[in-house]
Asker: 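Mind having a look at this structure? Questions to follow.
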Amino acid sequence: MKRVRVRFAPSPTGGLHLGGIRTVLYNYLFARQHNGDFVLRIEDTDQTRYVSGAEEYIFDCLAWCGLKPDESPLIGGEYGPYRQSERKEIYRKYAEQLVADGFAYYAFDTPEELEKMRHDLKTEQNPSPQYDHRIRSKMKNSLTLDEVEVKKLLDGGTRYVIRIKVPENEDLSFDDMIRGEVHFNTSIVDDKVLLKGDGMPTYHLAVVVDDYLMKISHAFRGEEWLPSAPVHVLLWKYLGWQKHMPQWAHLPLILGPNGKLSKRDALKYGFPVFAMNWTDPKTGELTEGFREKGFLPEAFVNFLALLGWNDGTEQEIFAVEELIQKFSIERVHSGGAKFDYEKAKWFNHEWIKLLPVASYQSQVKEIFAQRGIMISDERDFLKILALVSERCTFLTDFYDQSHFFFRAPLQYDLNAVKPKWNEGKKRFFESFIEEIRATDIWESAFIEDGFKKLAMMQDIKPGELQLPFRIMLVGGKFGPPVFDIATVLGKEETIERIQQALAAFA
RNA sequence: GGCCCGUUCGUCUAAGGGCUAGGACACCACCCUUUCACGGUGGUGAUACGAGUUCGAAUCUCGUACGGGCUACCA
């Protein structure tokens, strides 16, 4: 039985961005494929906890994408609690164990002292000096201080952190499922803080302890974690759990137009980077999400999965079930992928055409409601949606493409009619009204046939009458085939609109 | 600066030593359609550079360049 762990942290400003969701998605696909469990842990550190609603927001996003964890992280379960803040004592225990075993040490340096060290040692060649094996002997910690003094400081309640004691020159390597063997030398790794002054663990300690205790077998995370992987390997070793170390895969980054995709890019270039709308509770700033923009979750998941992965064929449209079947972590690219909004739109368009309109009608109904159109007749509504679906890229486009079915045009694109408008055409439409009044049949092909015959009889090319007819019915040069529109509108409404337009064209 | 990761059309990518380097998005043209789309046909467009290995390199090796990431008591 494999257990796949997914880890994510709401950033202090919240939001769940593309890279994060793709990581969750790959975890999910892998877990499902291997009949494993899909677990979330929550990193509600001091940095992130203040954001009220962030947890719920994340679950909502994942639910929208169809990525539900097997064990509710909020309730707990066999391996719970899942919230980092509720596991504080567990981490402390292991941190102390590391100190006792000589793999970590207490450090009493104040932030000011650290800053001074970094400032004093800063040179052009080394702009960011690290707390490492060269420096630790010059700092205030349990390696430099004698036992009595250390005890005094600890008993006296002096704020301290626990740092890992990274060996001076050791070659480390691990096998990455995407990149193969990755090598490091410990001489460039600094003595990372494991337990902070407030008693909370850093990511490094938490992730190792949790993965072990939660029996995680596979861990996928973003490439930005690659440089700290040696610290984690070391911890697995020092805690004596090396045999249980999960298999890692470091996913390539999703890039924006310049560098790692950011919320800034969303603002600057006008595309979403979050799954759903996110309002920063501190600033009140709203960042639009893919859902609200009018994306279907099917399309969202599809293009996200394909950003850095493909199955080796030319297939691009995949349903989740198909992704589960065909996904393979080994085929994930090692290079970062630039997010292409145009392509994302294409996926959405494809999915809108592909899915039966009934599967998203309620969302579209809501969009109409937001704009003041209440849908009463569901049957007609479905028909209308089907009529326009192929020209919609976003769910919101359904409004633009079909609002005229529910509201007669208030104004007309006169520029498109006027120049070629004349008495003959006016007479045509007058007689057309008479003709359709007299008939009982109301069906697209029949209307078209009658329309064209009448035009021929009056010696006008039918083509020249179609555009005016369209503008009469919808107000402009848009919408599905004009006789289909008339069919859906119904006889009475069609006559009324022609009459109204005739008056406006005069 | 150091370390790590990467580099095939503008973008996402296929091709794992052997065809004219294939597909998709975007763009352009034509066809269909007197709206807009959909659909169809075609087109522009790439192996970063330099060495090496080899009968043969996008593919393997090395160097250079470029891009990205990390370098916090953030994740």
Side-chain angles (χ1 to χ4, degrees), chain A residues 7-12 43 45-48 84 107 109-111 114-115 118 122-132 159-163 176 178-179 182-185 187-190 192-204 206-207 221-230 250 252-253 255 257-260 303 306-317 333-347 349 353 388-393 397 400-401 413 416 461-471 474 476-482 485:
Chain A
R7 164 199 354 93
F8 61 87
S11 68
E43 290 174 351
T45 64
D46 283 359
Q47 294 280 324
T48 59
Q84 199 165 293
D109 317 276
T110 63
L114 286 174
E115 203 178 313
R118 293 208 174 92
K122 191 169 166 177
T123 59
E124 215 162 286
Q125 277 76 39
N126 186 9
S128 46
Q130 305 193 99
Y131 201 121
D132 60 14
R159 219 177 138 90
Y160 67 92
V161 301
I162 293 180
R163 286 180 181 272
D176 185 284
I178 295 172
R179 283 150 225 276
V182 185
H183 294 267
F184 292 93
N185 187 287
S187 61
I188 49 95
V189 181
D190 62 334
K192 288 264 185 272
V193 170
L194 301 178
L195 201 71
K196 300 190 273 184
D198 63 0
M200 282 290 271
T202 57
Y203 171 84
H204 308 294
V207 79
R221 61 203 333 181
E223 191 187 342
E224 70 268 28
W225 287 109
L226 210 41
S228 44
H250 289 88
L253 263 12
L255 275 11
N258 29 31
K260 208 169 156 183
F303 88 73
L306 271 279
L307 208 50
W309 172 86
N310 70 83
D311 75 340
T313 72
E314 281 168 7
Q315 183 176 353
E316 294 199 272
I317 301 295
H333 269 245
S334 42
K338 218 175 256 181
F339 169 60
D340 182 358
Y341 189 43
E342 293 305 319
K343 186 98 186 209
K345 276 154 67 174
W346 176 78
F347 274 108
H349 191 160
K353 286 188 289 180
V388 301
S389 70
E390 73 186 18
R391 59 204 77 202
C392 294
T393 298
D397 289 343
D400 306 311
Q401 292 292 338
D413 183 356
K461 278 187 204 144
E464 282 180 33
L465 293 163
Q466 279 194 41
L467 187 63
F469 189 32
R470 165 178 300 281
I471 290 170
V474 309
K477 289 195 273 187
F478 48 81
V482 66
I485 298 175

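Lettering follows sequence order; numbering is per chain, from 1.
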Asker: Expressed as a whole number of angstroms, how long is the span from A/L194:CG to B/A72:P?
Answerer: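 Rounded to whole Å, this separation is 15 Å.
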
Asker: In whole angstroms, how far is the P atom of B/C70 from the CZ atom of A/R179?
Answerer: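 Rounding to the nearest Å, CZ of A/R179 and P of B/C70 are 13 Å apart.
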
Asker: Mind checking who B/U47 pairs with, Watson-Crick or G-U wobble, both distances under 3.5 Å?
Answerer: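 When the pairing criteria are applied, nothing turns out to pair with B/U47, so the answer is none.
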
Asker: Can a donor-acceptor pair be found, under 3.5 Å and without considering hydrogens, that links the side chain of A/R391 to the backbone of A/G479?
Answerer: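 Yes; judged by distance alone, with no hydrogens or angles, the pair exists.
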
Asker: For A/D190 and B/U71, give me the distance from atom CG to atom P, rounded to whole Å.
Answerer: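 So the CG-P distance, A/D190 to B/U71, works out to 9 Å.
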
Asker: Is there a Watson-Crick or G-U wobble partner for B/G6 with both distances under 3.5 Å, and which nucleotide is it?
Answerer: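 Pairing partner: B/C66.
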
Asker: Answer with base, sugar-phosphate or nothing: what part of the nucleic acid does A/N258 contact at a heavy-atom distance below 4.0 Å?
Answerer: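 No contact.
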
Asker: Look for any protein N or O under 3.5 Å of an N or O in nucleotides 8-14 of chain B and output each such pair with its distance, or none.
Answerer:
{"residue": "B/C12", "atom": "OP1", "partner": "A/K338", "partner atom": "N", "Å": "2.9"}
{"residue": "B/U13", "atom": "OP1", "partner": "A/G308", "partner atom": "N", "Å": "3.1"}
{"residue": "B/U13", "atom": "O3'", "partner": "A/N310", "partner atom": "ND2", "Å": "2.8"}
{"residue": "B/U13", "atom": "O3'", "partner": "A/H333", "partner atom": "NE2", "Å": "2.9"}
{"residue": "B/A14", "atom": "OP1", "partner": "A/N310", "partner atom": "ND2", "Å": "3.1"}
{"residue": "B/A14", "atom": "OP1", "partner": "A/H333", "partner atom": "NE2", "Å": "3.0"}
{"residue": "B/A14", "atom": "OP2", "partner": "A/H333", "partner atom": "NE2", "Å": "3.0"}

Asker: On a plain distance test, is the side chain of A/R391 in donor-acceptor contact with the base of B/C38 below 3.5 Å?
Answerer: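 No, the side chain and the base share no sub-3.5 Å donor-acceptor pair.
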
Asker: For A/D109, which residues count as a salt bridge (Lys or Arg N to Asp or Glu O under 4.0 Å) partner, sequence neighbours excluded?
Answerer: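 Salt bridge (Lys or Arg N to Asp or Glu O under 4.0 Å) check on A/D109 returns nothing, list empty.
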
Asker: Pick base, sugar-phosphate or nothing for A/K260, based on heavy-atom distances below 4.0 Å to the nucleic acid.
Answerer: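 Sugar-phosphate contact only - A/K260 comes under 4.0 Å of backbone atoms but never of a base.
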
Asker: Nearest whole angstrom, please: distance from the P of B/C73 to the CE of A/M200.
Answerer: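 Those two atoms, CE and P, are 16 Å apart.
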
Asker: Once salt bridge (Lys or Arg N to Asp or Glu O under 4.0 Å) is applied, do any residues pair with A/E342, and if so which ones, sequence neighbours excluded?
Answerer: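 Once residues adjacent in sequence are excluded, the partners of A/E342 under the salt bridge (Lys or Arg N to Asp or Glu O under 4.0 Å) criterion are A/K345.
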
Asker: For A/S187, check side chain to side chain donor-acceptor pair (under 3.5 Å) against everything at least two apart and list the hits.
Answerer: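 Once residues adjacent in sequence are excluded, the partners of A/S187 under the side chain to side chain donor-acceptor pair (under 3.5 Å) criterion are A/N185.
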
Asker: Between A/V482 and A/Q130, who's closer to the 5' end of RNA chain B by nearest nucleotide?
Answerer: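 The answer here is A/V482.
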
Asker: Are A/Y203 and A/W225 close enough that their ring centres sit under 6.0 Å apart?
Answerer: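 Yes, close enough.
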
Asker: Atom CD of A/Q401 to atom C1' of B/A37: distance rounded to whole Å?
Answerer: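 Value for this atom pair: 8 Å.
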
Asker: Please enumerate all protein N or O atoms sitting under 3.5 Å from an N or O of nucleotides 18-22 of chain B, with distances to 0.1 Å.
Answerer:
{"residue": "B/G22", "atom": "O2'", "partner": "A/E314", "partner atom": "OE2", "Å": "3.3"}

Asker: Taking atom P of B/A37 as reference, at what distance in whole Å does atom CG of A/D400 sit?
Answerer: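 From A/D400 CG to B/A37 P: 14 Å.
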
Asker: For A/K192 and B/C74, give me the distance from atom NZ to atom P, rounded to whole Å.
Answerer: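 Distance, rounded to whole Å: 11 Å.
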
Asker: For A/D340 and A/K338: C-alpha separation, side-chain torsions, deciding distance, then whether salt bridge (Lys or Arg N to Asp or Glu O under 4.0 Å) applies.
Answerer: CA-CA 6 Å; A/D340 182 358; A/K338 218 175 256 181; over 6 Å; no

Asker: Need one value for A/P252: base, sugar-phosphate or nothing, where a base atom within 4.0 Å counts as base even if backbone is also close, heavy atoms only.
Answerer: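 It contacts nothing in the nucleic acid.
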
Asker: Can you check whether A/P480's main-chain N or O pairs, donor with acceptor, with A/R470's side chain at less than 3.5 Å?
Answerer: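 Yes, because the side chain of A/R470 sits within donor-acceptor range (under 3.5 Å) of the backbone of A/P480.
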
Asker: Both distances below 3.5 Å, Watson-Crick or wobble geometry, any strand: find the nucleotide opposite B/U20.
Answerer: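 By the stated definition (distances under 3.5 Å), nothing pairs with B/U20.
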
Asker: Going by the rule side chain to side chain donor-acceptor pair (under 3.5 Å), which residues pair with A/E224 if we only count those two or more places apart in sequence or in a different chain?
Answerer: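 A/E224: no side chain to side chain donor-acceptor pair (under 3.5 Å) contacts found.
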
Asker: Below the 4.0 Å mark, does B/G39 have OP1 or OP2 next to a side-chain nitrogen or oxygen of A/K353?
Answerer: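 Indeed, a polar side-chain atom of A/K353 lies that close.
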
Asker: Between N or O atoms, less than 3.5 Å apart, protein on one side and nucleotides 59-65 of chain B on the other: list the pairs.
Answerer:
none

Asker: Run the side-chain contact (heavy atoms from CB on, under 4.5 Å) check on A/Y160 and A/K196 step by step: do they pass?
Answerer: CA-CA 7 Å; A/Y160 67 92; A/K196 300 190 273 184; over 6 Å; no

Asker: Got a sec, which residues hit salt bridge (Lys or Arg N to Asp or Glu O under 4.0 Å) with A/E314, two or more places apart in sequence or on another chain?
Answerer: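 Salt bridge (Lys or Arg N to Asp or Glu O under 4.0 Å) check on A/E314 returns nothing, list empty.
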
Asker: Checking the side chain of A/R179 only, and the main-chain atoms of A/H250 only, is there a donor and an acceptor separated by less than 3.5 Å?
Answerer: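 Here the side-chain-to-backbone pair exists.
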
Asker: Using the side chain to side chain donor-acceptor pair (under 3.5 Å) criterion, which residues pair with A/K122? Sequence neighbours excluded.
Answerer: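 With sequence neighbours excluded, A/K122 shows a side chain to side chain donor-acceptor pair (under 3.5 Å) to no residue whatsoever.
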
Asker: Separation of A/L114 atom CG from B/A72 atom P, in whole Å?
Answerer: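 Between P of B/A72 and CG of A/L114: 10 Å.
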
Asker: Can you tabulate the close N/O pairs, meaning under 3.5 Å, that link protein atoms to atoms of nucleotides 1-4 of chain B?
Answerer:
{"residue": "B/G1", "atom": "O2'", "partner": "A/Q125", "partner atom": "O", "Å": "2.2"}

Asker: Base, sugar-phosphate, or nothing: which does A/V193 touch, judged by heavy atoms less than 4.0 Å apart?
Answerer: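 Sugar-phosphate, no base atom in range.
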
Asker: Enumerate all atom pairs, one protein N or O and one N or O from nucleotides 30-34 of chain B, separated by less than 3.5 Å.
Answerer:
{"residue": "B/U34", "atom": "O4", "partner": "A/E464", "partner atom": "N", "Å": "3.4"}

Asker: Would you kindly compare A/W346 and A/F478 by the position of their nearest RNA chain B nucleotide and give the one closer to the 5′ end?
Answerer: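 Looking at the nearest nucleotide for each, A/W346 comes out on the 5' side.
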
Asker: Tell me every residue that passes salt bridge (Lys or Arg N to Asp or Glu O under 4.0 Å) with A/K260, counting only those two or more places apart in sequence or in another chain.
Answerer: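 Checked A/K260 against salt bridge (Lys or Arg N to Asp or Glu O under 4.0 Å); zero matches.
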
Asker: Ignoring hydrogens and angles, tell me if any N or O in the side chain of A/Q130 forms a donor-acceptor pair with the backbone of A/I188 under 3.5 Å.
Answerer: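 Yes; judged by distance alone, with no hydrogens or angles, the pair exists.
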
